[in-house]
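Notes for the one structure printed next.
Numbering of ligands and ligand atoms starts at 1, following listing order.
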Amino acid sequence: MKVFIVYDSRTGNTEKMAHAVAEGVKAEGVEAVVKKVNEASVDSLPEVDSLILGSPVYYGLPSGKLKGFIDASIKYHGKLDGKVGAAFASSGGTHSGAETTIISLLKALLIHGMVIQGTSGRNHYGAASVGAPDETAVETCRKLGERVAKLVKKLHG
Ligand SMILES: Cc1cc2nc3c(=O)[nH]c(=O)nc-3n(C[C@H](O)[C@H](O)[C@H](O)COP(=O)(O)O)c2cc1C
């Protein structure tokens with residue numbers, strides 16, 4: 001079982017979140033592969049059980065590079081059906097686009113037919129963090145990774 005975490009990051013905040021999400025995945029005994037978007041290939045998609053996308057918030061939207069990855073993923077349209085999806089985002093401020101960015105990422109994953117688990121506690125849509133992730137944000141990211149890995153095991157284990 002493998003979880004693919006693809007992120008973009010210019011100043012390192014989303015990158016830190018990506019590694020914390022991976023820690024959570026690994027804590028559940030599932031393999032995590034973390035790639036910055038410019039080093040990630042959509043050709044990895046057929047072999048993974050889950051795709052988690054992370055982006056800095058750019059004008060309330062994912063970065064152009066992440067959108068480019070999503071657009072390239074059409075090569076495998078239909079092949080991600082039933083796999084587990086999730087998203088996280090790093091913003092500069094509060095209430096300034098993190099949730100809209102996460103939802104934009106999740107919409108693309110839903111169009112791929114992926115399964116997305118919400119959260120009844122905090123961070124309903126995924127993991128959001130303002131600026132450099134503090135310990136609370138890191139823990140939120142770890143929890144997201146754990147939840148995804150647990151669902152992967154339920155569906156594909
Ligand atoms: C082009 C651009 C647009 C941005 N737009 C927003 C925005 O709409 N809302 C916000 O809260 N932060 C915005 N920011 C700030 C970044 O989302 C924030 O600094 C984030 O933590 C950067 O993540 P990174 O360190 O992974 O690159 C913007 C930054 C840039 C460069």
**Prompt:** Which pair of non-hydrogen atoms, one from Lys83 and one from Asp49, has the smallest distance, and what is that distance?
**Reply:** CB-O, 3.3 Å
Please tabulate, one line per pair, the protein N or O atoms found under 3.5 Å from any N or O atom of ligand 1, giving the distance to one decimal.
residue  : atom   : partner : partner atom : Å
ligand 1 : 5 (N)  : Val57   : O            : 3.2
ligand 1 : 5 (N)  : Tyr59   : N            : 2.9
ligand 1 : 8 (O)  : Tyr59   : N            : 3.1
ligand 1 : 8 (O)  : Gly60   : N            : 3.2
ligand 1 : 9 (N)  : Ser96   : O            : 2.8
ligand 1 : 11 (O) : Gly92   : N            : 3.0
ligand 1 : 11 (O) : Gly93   : N            : 3.1
ligand 1 : 11 (O) : Ser96   : OG           : 2.5
ligand 1 : 12 (N) : Gly92   : N            : 3.0
ligand 1 : 14 (N) : Val57   : O            : 3.2
ligand 1 : 17 (O) : Val57   : N            : 3.3
ligand 1 : 17 (O) : Val57   : O            : 2.7
ligand 1 : 17 (O) : Ser90   : O            : 3.3
ligand 1 : 21 (O) : Asn13   : ND2          : 2.9
ligand 1 : 21 (O) : Ser90   : OG           : 2.7
ligand 1 : 25 (O) : Thr11   : N            : 3.3
ligand 1 : 25 (O) : Thr11   : OG1          : 2.4
ligand 1 : 25 (O) : Gly12   : N            : 3.1
ligand 1 : 25 (O) : Asn13   : N            : 2.8
ligand 1 : 25 (O) : Asn13   : ND2          : 3.4
ligand 1 : 26 (O) : Ser9    : OG           : 2.6
ligand 1 : 26 (O) : Asn13   : N            : 3.4
ligand 1 : 26 (O) : Thr14   : N            : 2.8
ligand 1 : 26 (O) : Thr14   : OG1          : 2.6
ligand 1 : 27 (O) : Arg10   : N            : 2.7
ligand 1 : 27 (O) : Thr11   : N            : 2.9
ligand 1 : 27 (O) : Thr11   : OG1          : 3.4

**Request:** For the pair Glu146 and Arg142, evaluate salt bridge (charged side-chain N to carboxylate O under 4.0 Å, His left out) and give the outcome as yes or no after the intermediate values.
**Result:** CA-CA 6 Å; Glu146 281 173 24; Arg142 282 195 199 116; over 6 Å; no
**Item:** Pairs involving residues 109-128, ordered by first then second residue, that meet side chain to side chain donor-acceptor pair (under 3.5 Å) (sequence neighbours left out)
**Value:** Ser73-His112
Contacts under 3.5 angstrom, residues 51-58 side chains, donor-acceptor by atom type, not counting sequence neighbours:
residue : atom : partner : partner atom : Å
Ser55   : OG   : Ser63   : N            : 3.0

May I have the list of side-chain donor-acceptor pairs in residues 147-157 shorter than 3.5 Å, sequence neighbours left out?
residue : atom : partner : partner atom : Å
Arg147  : NH2  : Gly118  : O            : 2.6
Lys153  : NZ   : Glu28   : O            : 2.7
Lys153  : NZ   : Glu28   : OE1          : 3.0
His156  : NE2  : Gly82   : O            : 3.3

**Prompt:** What are the two closest heavy atoms between Thr101 and Ala89, and how far apart are they?
**Reply:** CG2-CB, 4.0 Å
